[in-house]
Amino acid sequence: MTQQILSGFNSPVHDSQQWYRIVLDAMSRPGNVCFPISTEAFSQAPSPCSKTAASIALTLFDNDTSIWLQTSDEKLTHWLQFHCGCPITTDKNAATFALITDGNSLPDLTQFSIGSSEFPDRSTTLVIQVESVTHGEPVEFSGSGIATTNKLNISGLDSSFWETQKNNRSLFPQGFDTILAAPDGVVCIPRTTTIRRQTPCM
Amino acid sequence: MNHTINTTQKTANATPLETGYNFAFLDEQTKRMVRRATLKAVAIPGYQVPFASREMPMPYGWGTGGIQLTASIIGQQDTLKVTDQGADDTTNAVSIRSFFQRTTGVATTEETNKATLIQTRHRIPEQPLTEDHILVYQVPIPEPLRWMEPRETETRKMHAHEEYGVMHVKLYEDIAHHGHIATSFDYPVQIAGRYIMSPSPIPKFDNPKMDNCPALQIFGAGREQRIYAIPPYTNVHSLDFEDHPFSVQTWDEVCGLCGAEDSYLDEIILDNEGNRMFVCSDSNYCQQRLKAGHAGAMTAPQGQPAATRTESNEENNA
Amino acid sequence: MYVAVKGGEKAIANAHQYLAAERRGDTALPELTVSQIKEQMRLAVDRVMTEGSLYDPELAALALKQARGDSIEAIFLLRAYRTTLPRFYTSAPINTSVMQITRRISAAFKDMPGGQMLGPTFDYTHRLLDFSLADENTKNNVTPPTCNEDVPATCDETPRILDFLQNDELVEGVGSAESHQVGDITREPLELPAGRDIRLQKLTRADEGFVLAMGYSTQRGFKNSGGHPFAGEIRTGDVSIEVTPEELGFPVTIGSITVTESEIVSIYDGSEETPPQFSRGYGITFGSGERKAISMALVDRALRCRELQEDIIAPAQDEEFVLMHSDNIEATGFVEHLKLPHHVDFQSELDILRRLRSNWAKCKAKREEIERNTQKEQKIRQSGTPEIKGAA
């Protein structure tokens, strides 16, 4: 190895369990901003990943999952291959996960797998890095997992996402699922979530 | 009384940890596989996600699906409750709880309100669940259409095309033959208006508790290699007909120990004469009521002789 | 006063202690050693390894000891242990053509290149109890026979008899190791319809009794086509296991295992694209699992019905039926789970049954009343006036 690879979780077993619970909670309650009590799971995140996105990758990716990467950053690719052993794919439709490191410039999301009618679970899960899930454009979520509606603010996500998700919602039970990873928390948008954009009042 | 209180308190784990095995037994790769399947299950409410179930050190059919789910979810901060048929002290519940004590060292409890993670077989606790709970069900046969169509290849198509005619025909035939739907447990439900799902063999008395529940509910079938879920606040409709609405079991009796009128009752044969009594199936619920000072006919020293059974009624569930 | 039964924990602990004592048996007798089981109960060890999907004679012998000789319990122990093992490498496919053969027979030809070799078989023994084995003072120090005849050099390739027929296209090809990635039933959930790779994996770890019965049923006519099956070749011996570590880039041998392989052929009538020829069925087990290997080959052949465009009319051809019910660990768990408490469900069933009976009684009473009324009417009619009768 000519270049040094940044370390992964300090405590792989317990850190990945913690982060899984964060994602599970977020997926169960779309729009809830979930975040671990301690973010000291590892010292330095591999750029351009935030610690949040890197933690999700360490928690869910392995040699059974093929990953589509938005960035061709070599360091990040090596980091993923070293810690997760995950194959990298350029075929969007074959990706188990898509790691989209820049939420402001989204690839064509409709090319990712939505599963089949018999196996709707065989669809891509998008991990999209955004700037914040507590500040920014106000949106309102409703659907499974939400008692009435869930209001939150998101910034750093291209506005085309809302229209794509509207279309994605209509494909149910097929469709992709999304994990928004921000430095201030995790928000999930499963295929069941309906999103209403609110005109900011300021 | 003191004894009862002690046993239900959250106990720090004194069991020595099993050496040579990973935290919660499963290796990390298996956990990741179960975790990914679970996330998809949550994203597609009521749909059965296939997963590569592993051999566990307990037999298939004894909760291996639930155990794999619990093992993939549990962390050091959790407090685990394991219950079987509503009781935490039945042999299989004891065995599963001790497995997790030995492989994780987490705290365990018999009290529903102190638990963060509850693994259950055939019951939903009487105490309403909250957002702080995750309920893990052990499932023997995950496919609600299995008794009408034994082939997986066929039932998969039926789910894909939402062809649920056979289920309605079956329920309708029940009504035609018996005047009512003759399914008392594992009563089929429809999740969020889409997938028909088996709630596992819980009595239909428990079905209403699943609807719009604040807790996440996850179902694991180890032998059949399926995981499915009901996210919190999701509509769970027990199948019925307009002129034959869904209804749950009710009793004329109350619990002989705590006097509860609202809980699922187990019938117990007391003597060779066949005298019976009824007690709460949820042993923790019963104990909590006893602690709070409630009493039933059998708790008094010279109480009434055992209640004898009368017809149980069927009323529409309010 | 009624007190709910408690003490599950204590009961379990006591049961475990009792079990341990029963396992040991009479302590006046010496304890059975794992190496004794490994050496002298080798066929039991082989079955446990095959169905436990783990090649480790020591552990399989230990499992048998712990399981008090119960094969399925021992298989279960080995499978549960196997789950916890990390996977370092995937080996190259074993090459059974290069085998240190201890037994090799073909029922299809009287003689063949490489020769027939009976090996240590029960075949042709008379099944008479050997009472000399009961006398532990007798020394049973038998050494294996030596062979004076020319035996082919062991490491060379021993040709497969079916390859000779394949050259004449009388037997179908073995198929190529296509681009198709080989599945893994221990890592992926079973999906139906299954490929042959998955079917063969399931059959190898399937319960021997189940596979035997399924194979037997095809011989008794419960199948669609394929003529009389012939044991093209059965061979037992040691093969080496090779892996290619990433850091080395070339294959290294890490050890050898004993396997038994069986190839069965039977006449296939052909289809529009395929001329009539012998079709194959394949079976393989760890150790000397010959009965299982032959049965497996029969079932494999029967399960190829979809591929060979044969009608599915018999249980052994029914992929879902065979694959879903062949695993004894799955089966024993679910059958034996009936021992677990089911009183909540039972209570629900009692409730339903009482209501069904009460409905039944009401219906019966109603029926009887109607019958009585009809009889009354008939009596009235019989004794009544002819005018009324005529009017009716």
Side-chain angles (χ1 to χ4, degrees), chain A residues 9 11-30 32 36-37 56 58-65 84-86 96-97 115-123 125 142-148 150 172-179 188-193, chain B residues 22-24 27-29 31-52 71-78 104 116-117 131 134 153 155-162 191-195 212 214-218 227-235:
Chain A
F9 280 142
S11 167
V13 171
H14 300 296
D15 291 341
S16 54
Q17 187 274 335
Q18 289 269 334
W19 275 96
Y20 168 59
R21 283 292 278 274
I22 296 298
V23 177
L24 179 64
D25 195 25
M27 192 64 89
S28 306
R29 303 167 201 282
N32 275 23
I37 303 158
I56 292 169
L58 289 174
T59 303
L60 296 174
F61 300 1
D62 62 22
N63 45 14
D64 290 333
T65 58
C84 308
C86 51
T96 322
F97 289 95
S116 62
S117 60
E118 292 191 8
F119 295 96
D121 56 306
R122 295 183 185 168
S123 63
T125 302
S142 60
S144 260
I146 304 163
T148 49
N150 222 345
F172 188 84
Q174 284 162 270
F176 56 75
D177 308 298
T178 305
I179 303 173
C188 286
I189 307 170
R191 62 195 80 183
T192 50
T193 302
Chain B
N22 192 20
F23 179 83
D27 61 282
E28 290 302 301
Q29 191 167 8
K31 283 185 196 169
R32 275 192 297 273
M33 178 270 296
V34 175
R35 286 169 180 169
R36 289 191 296 261
T38 307
L39 289 175
K40 284 296 176 195
V42 171
I44 318 166
Y47 165 76
Q48 302 163 48
V49 180
F51 82 113
S72 73
I73 293 170
I74 200 166
Q76 290 164 316
Q77 73 290 350
D78 275 311
T104 67
T116 55
L117 187 57
E131 293 194 352
I134 294 178
T153 35
T155 52
R156 184 157 288 279
K157 281 185 208 136
M158 290 155 86
H159 283 295
H161 304 126
E162 216 176 335
I191 309 300
R194 180 56 176 82
Y195 284 101
N212 214 31
L216 170 64
Q217 303 171 75
I218 317 179
I227 289 171
Y228 52 100
I230 309 173
Y233 305 113
T234 297
N235 178 261

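Each chain gets a letter, A, B and so on, in the order the sequences are listed, and its residues count up from 1. Reckoned from all heavy atoms, side chains included, excluding hydrogens, waters and symmetry mates. Source: prediction; values computed, not measured.
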Can you give me the closest heavy-atom contact between A/E118 and B/R156, atom names plus distance?
O-NH1, 2.6 Å

Here the pair of heavy atoms bringing A/F119 nearest to B/Y47 is CA-OH, 3.4 Å

If you measure from OH on B/Y195 to CZ on A/F172, what distance do you get to the nearest 0.5 Å?
6.0 Å

My understanding is that only one of B/Q76, B/Q77, B/K31 makes a side chain to side chain contact (heavy atoms under 4.5 Å, CB included) with A/Q17; could you say which?
B/Q77

Please classify the contact between A/T148 and chain B as side chain, backbone, both or neither, with a heavy-atom cut-off of under 4.5 Å.
neither

If you count heavy-atom pairs under 4.5 Å with chain B, which of A/C188, A/S144, A/P190, A/G175 comes out on top?
A/S144

At their closest point, which heavy atom of B/E28 faces which heavy atom of A/P12, and how far apart are they?
OE1-O, 4.4 Å

For chain A, the option from B/A43, B/P50, B/A41 that forms the most heavy-atom pairs under 4.5 Å
B/A43

Comparing A/S123, A/A147, A/P30 against chain B, the one with the most heavy-atom pairs below 4.5 Å turns out to be A/A147

From B/Y233 OH over to A/S142 OG, what is the distance, rounded to the nearest 0.5 angstrom?
15.0 Å

Quick check on the interface: out of A/G143, A/G115, A/S28, who has the most heavy-atom pairs with chain B under 4.5 Å?
A/S28

B/Q217: what forms a side-chain hydrogen bond (donor to acceptor under 3.5 Å, both in side chains) with it, not counting sequence neighbours?
B/Y137

Contacting region of B/E131 [heavy-atom separation from chain A under 4.5 Å]:
both

Carboxylate-amine/guanidinium proximity below 4.0 Å for A/D62 and B/R36
yes

Roughly how far, to the nearest 0.5 Å, is CG of B/L39 from OH of A/Y20?
5.0 Å

Using a 4.5 Å cut-off on heavy atoms from C-beta on, say whether the side chain of B/K40 contacts that of A/M27.
no

Mind listing the closest non-hydrogen atom pair of A/L24 and B/T38 along with its distance?
CD1-CG2, 4.1 Å

Which one wins on heavy-atom pair count under 4.5 Å against chain B: A/T192, A/D177, A/V13, A/V23?
A/V13

Between B/R35 and chain A, which part of the residue has a heavy atom less than 4.5 Å away: side chain, backbone, both or neither?
both

Best-contacting candidate, B/A229, B/G75, B/A24, against chain A by heavy atom pairs under 4.5 angstrom:
B/G75

Distance check, rounded to the nearest 0.5 Å: B/I44 atom CD1 versus A/Q174 atom CD?
9.5 Å

One pair to check against side-chain contact (heavy atoms from CB on, under 4.5 Å): B/R32 and A/L60. What are the steps and the verdict?
CA-CA 6 Å; B/R32 275 192 297 273; A/L60 296 174; 5.8 Å; no

Which pair of heavy atoms, one from A/D64 and one from B/Q29, lies closest together, and at what distance?
OD2-NE2, 3.4 Å

Segment of A/S16 engaging chain B (4.5 angstrom heavy-atom cut-off)
both

Sequence neighbours left out, what passes side-chain hydrogen bond (donor to acceptor under 3.5 Å, both in side chains) with B/T153? Give chain and number order.
C/E320

Going by atom types only, do A/D121 and B/Q48 share a side-chain donor-acceptor pair under 3.5 Å?
no

B/I74, part contacting chain A, at a heavy-atom distance under 4.5 Å:
backbone

For B/N22, which atoms come within 4.5 Å of any heavy atom of chain A: side chain, backbone, both, or neither?
side chain

Contact part of B/A71 toward chain A, heavy-atom cut-off under 4.5 Å: side chain, backbone, both or neither?
neither

